[in-house]
**Student:** 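First the structure, which I've put down as structure tokens, then a few questions once you've had a look.
Heavy atoms only: backbone and side chains are in, while hydrogens, waters and symmetry mates are out. Chain identifiers are assigned alphabetically (A, B, ...) following the order of the sequence lines, protein sequences preceding nucleic acid strands; residue numbering begins at 1 within each chain.
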Protein chains: 2
Amino acid sequence: MKRTNQPTINDVARIAGVSKKTVSRVINQSPLLNADTRKRVEDVIAELGYVPNPQARALALRRNFLIGLIHDNPNAQMVLNVQQGMLEVLRDTEFELIVHPVNRGSPTMLADIGQFLERQRPFGVMILPPISENDQMAALCGELGVRYVRMGSAPLDEAPHMVASNDREAVRGAVEHLIESGHKRIGLVQGPHGFRSAFERQKGYEEAIEAAGLPLQRTLIVQGDYKFESGMRAAEQLLDLAPRPTAVFASNDEMAAGVLHVARQRGLNVPQDLSIIGFDDTPIASHLWPPLTTVRWPIATMARAAALKLVSGEGGTAEEDGEASLFVSTLIRRASVAPAAG
Amino acid sequence: MKRTNQPTINDVARIAGVSKKTVSRVINQSPLLNADTRKRVEDVIAELGYVPNPQARALALRRNFLIGLIHDNPNAQMVLNVQQGMLEVLRDTEFELIVHPVNRGSPTMLADIGQFLERQRPFGVMILPPISENDQMAALCGELGVRYVRMGSAPLDEAPHMVASNDREAVRGAVEHLIESGHKRIGLVQGPHGFRSAFERQKGYEEAIEAAGLPLQRTLIVQGDYKFESGMRAAEQLLDLAPRPTAVFASNDEMAAGVLHVARQRGLNVPQDLSIIGFDDTPIASHLWPPLTTVRWPIATMARAAALKLVSGEGGTAEEDGEASLFVSTLIRRASVAPAAG
DNA sequence: TTGTAGGCGTTATCAC
DNA sequence: GTGATAACGCCTACAA
């Protein structure tokens, strides 16, 4: 950044023949201002192309206009949808979005985040799952006085700090859909251990099975880690079973794609021989063959709500603070589910 | 952000019994400093947990430590890979990444970007394709004194402002691979009109066809727009041809997935009846069945190089400015290509 | 090697 | 309504 001769508030004040403070008042829409004066100042501002310096504002106001997005790359589409949702809200404000991925797994993760928060002192941060499930992180934000909103698969914080989807209910609905289609042996490809989303989705599966009076068989539940390959491994295991499950619910689309992949390799027809449901409704779901029945959760909507919570009240578009914090997911029915044979 | 009693440089100075300037020197690693004094100040800093305020620094230095990322959502995976690559470089610096998606199509796009640049005055910006192809944008950065690096499918700016892949060559290689496999009727699903990447990839296709002495048939070239559905439409058109093409090169993976999708619908076997090659090596490519042969370009590497160019010299890790600016893509051979039948 | 004075561009205080 | 004056936290002169 060179020495660009950007005009300052002083230039405006001098040329308009008023004091800095008056210009400041114009910028900040102070109501007690002579209309003439305001007009004059506004003209000068337009003429000079003056733009207030955010750094200086931040310094004087002892606060800045940065919203952080902290995540651990849960999946590209999700991160981007979140960014998009948040930016839709931020666009009309003076806030900017600064992204800060971290490395779950790293033992210094919490310290890293602490450093980030202390350095930048963002006005607020949005935390994506799975690290949003870490209560210490939330506590850290609290201590440092940084607003935060967590995104998760269940309400795990107070409403002002949370946007949650109800994964359990959504999965129950999905599995019920399979049951209604006549399936009795339904496999579950679980998400990784320790993830709240994985836990909730498993609970949803179990609730549906039990509510239908079907036996809950441990062999039908296989551990995955949300990655494609783990879906393949799980499928190997499930399809080796005798009798074979006639349907599989995978806790996310990637793993569902893995299941589909293996079914194909084995010469099975989907959905005739095996019905599959995924979760997330990532683009891959609709691009697979057959298109995947899956659960769509309203990520962008949740992100917008989160951004609104973060900037609401002081500083942002003074929106209702009572933004919804629980969002419902919907089952997207495509071609990967068929009635159970026999 | 509440009134947190974060210690300032003054607190440190007072407690350490030195002047602000001395503390400042410690922070900025000034060499001319008594070791004792330095030690004493450092101790106080550690004790207080003092962290310099970036806003104040930015103000005093008349520059900030923000790197912008401007894009128009070309595709989620790519944007995220870029973010990751850039952040790897930025992590060890005092720079932060601030993302700024824009809306190509919007008539006010250029104005929007101008506003963003004038408000934030980022130290530098990275511009992703396709908007990186817009020369006016680059000019705008130049005028405003904002460093910039463009990412593109061909060198369309001077080295310090460019990280480019050589799409033409990469595609030529891919199509040659098809030709070597015995294919003579090879379809092309083009990218959208006006995109440099689309143009380069088409040229690569044409060069390979011509170099092999094959006829360049206009009916084998179908327009797409980089989206899945357009790949499907293109496939419909290509597969209606008589005789049918035995192979298709699609200018990106999403369209290739669309082609695969339609081939399936028509009961064609891939790759026996139809070979397909895509471009990008997005996750979808390896998750499809059969896994897609495609061209991988080193996005993260390019992003790292770009970030290095942006922060190099003044302010950043004083790296060589002579970072590479042309990167080679490689053909990833998977299962969607087979020798031509007959 | 260290300190003093002044400025970066903005806002808050408190007079007029 | 408006304008001096003093912050905000840091850095660059220039002295000492």
**Student:** Indicate whether OP1 or OP2 belonging to D:dT2 is found under 4.0 Å from a side-chain N or O atom of A:T37.
**Tutor:**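 True: A:T37 side-chain N/O within range (under 4.0 Å) of D:dT2 OP1/OP2.
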
**Student:** Over all strands shown, is B:V18 touching base, sugar-phosphate only, or nothing at heavy-atom distances under 4.0 angstrom?
**Tutor:**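 It contacts sugar-phosphate atoms only.
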
**Student:** Please state whether the phosphate of D:dG9, meaning OP1 or OP2, lies under 4.0 angstrom from any side-chain nitrogen or oxygen of B:R57.
**Tutor:**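 Looking at the OP1 and OP2 atoms of D:dG9, neither is under 4.0 Å from any side-chain N or O of B:R57.
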
**Student:** Rounded to whole Å, how long is the line connecting atom CG of B:D11 with atom C1' of D:dC10?
**Tutor:**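 In whole Å, D:dC10 C1' lies 13 Å from B:D11 CG.
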
**Student:** Of the nucleotides D:dC10, C:dT11, C:dT1, which has the atom closest to the A:I27 side chain?
**Tutor:**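 Between D:dC10, C:dT11, C:dT1, the one nearest the side chain of A:I27 would be C:dT11.
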
**Student:** Output the rounded distance in Å from CZ (A:R63) to C1' (C:dT11).
**Tutor:**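 Roughly 13 Å, once rounded to whole Å.
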
**Student:** On DNA chain D, check which nucleotide each of A:R38 and B:S24 is closest to and give me the residue with the more 5' one.
**Tutor:**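 Nearest-nucleotide comparison on DNA chain D picks A:R38.
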
**Student:** Does B:D43 reach the main-chain N or O of B:R40 with its side chain, forming a donor-acceptor pair under 3.5 Å?
**Tutor:**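 Side chain of B:D43 to backbone of B:R40, a donor-acceptor pair under 3.5 Å: no, none is there.
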
**Student:** Would you classify B:L33 as touching base, sugar-phosphate or nothing, given that sugar-phosphate means primed atoms plus P, OP1 and OP2, and contacts are heavy atoms under 4.0 Å?
**Tutor:**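 If one applies the 4.0 Å heavy-atom cut-off, B:L33 turns out to touch the sugar-phosphate alone, with no base involved.
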
**Student:** Step by step, would you call B:K39 with B:D36 a salt bridge (charged side-chain N to carboxylate O under 4.0 Å, His left out)?
**Tutor:** CA-CA 5 Å; B:K39 177 82 174 68; B:D36 286 356; over 6 Å; no

**Student:** I need the CG-P distance between A:N28 and C:dT11, as an integer number of Å.
**Tutor:**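 That distance rounds to 5 Å.
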
**Student:** Does B:S19 put a side-chain nitrogen or oxygen below 4.0 Å from OP1 or OP2 of C:dT2?
**Tutor:**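 Checking B:S19 against C:dT2: no side-chain N or O falls below 4.0 Å of OP1 or OP2.
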
**Student:** Would the distance check show the side chain of B:S132 and the main-chain N or O of B:M151 forming a donor-acceptor pair, the cut-off being under 3.5 Å?
**Tutor:**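 A pair under 3.5 Å: yes.
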
**Student:** What's the OH-P distance between B:Y50 and D:dG9, to the nearest Å?
**Tutor:**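 Rounded to whole Å, this separation is 10 Å.
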
**Student:** Tell me the interatomic distance from A:N64, atom CG, to C:dG9, atom P, rounded to whole angstroms.
**Tutor:**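 Value for this atom pair: 19 Å.
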
**Student:** Just the rounded figure in Å: distance from C1' of C:dT10 to CZ of A:F65.
**Tutor:**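 Answer to the nearest Å: 11 Å.
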
**Student:** Using a distance-only criterion (donor-acceptor N/O pair, under 3.5 Å, no hydrogens), is the base of D:dG3 paired with the side chain of A:R25?
**Tutor:**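 Between D:dG3 and A:R25, which were checked side chain against base, a qualifying N/O pair under 3.5 Å is present.
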
**Student:** Hey, does the side chain of A:N53 come within less than 4.0 Å of C:dC8's phosphate (OP1/OP2), counting only N and O?
**Tutor:**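 No.
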
**Student:** Which nucleotide in the set D:dC10, C:dC8, C:dT10 lies at the smallest distance from any side-chain heavy atom of A:I9?
**Tutor:**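 The nucleotide sitting nearest to the side chain is C:dT10.
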
**Student:** Expressed as a whole number of angstroms, how long is the span from A:K21:NZ to C:dG9:P?
**Tutor:**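 From A:K21 NZ to C:dG9 P: 18 Å.
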
**Student:** Could you check whether B:R119 makes a cation-pi contact with B:F116, meaning its NZ or CZ is under 6.0 Å from the centre of the six-membered ring and within 45° of the ring axis?
**Tutor:**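 Judged by the rule (NZ or CZ under 6.0 Å from the ring centre, within 45° of its axis), B:R119 is not positioned above B:F116.
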
**Student:** Answer yes or no: does a side-chain N or O of A:T22 lie under 4.0 Å from OP1 or OP2 of D:dG3?
**Tutor:**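 Affirmative; the distance criterion is met.
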
**Student:** Which part of the nucleic acid, if any, lies within contact of B:L61, taking any heavy atom under 4.0 Å across all strands shown: a base, the sugar-phosphate backbone alone, or nothing?
**Tutor:**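 Since only primed, P, OP1 and OP2 atoms lie under 4.0 Å of B:L61, the category is sugar-phosphate.
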
**Student:** Please evaluate the base of D:dA4 for a donor-acceptor partner in the side chain of A:K20 within a cut-off of under 3.5 Å?
**Tutor:**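 Counting by modelled atom types and ignoring angles, no donor-acceptor contact under 3.5 Å is found here.
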
**Student:** Can you name the nearest heavy-atom pair linking B:C141 to B:L117, along with the distance?
**Tutor:**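 Closest approach of B:C141 to B:L117: SG-CD1, 4.0 Å.
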
**Student:** Is there side-chain contact between A:P52 and A:I9, with at least one heavy-atom pair below 4.5 Å?
**Tutor:**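 Side-chain contact under 4.5 Å: no.
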
**Student:** In this structure, how many angstroms lie between the P atom of D:dG9 and the CZ atom of B:R62, rounded?
**Tutor:**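 Checked: the CZ to P distance equals 19 Å.
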
**Student:** Can you figure out which of C:dT10, D:dC11, C:dT1 approaches the side chain of A:N10 most closely?
**Tutor:**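 Between C:dT10, D:dC11, C:dT1, the one nearest the side chain of A:N10 would be C:dT10.
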
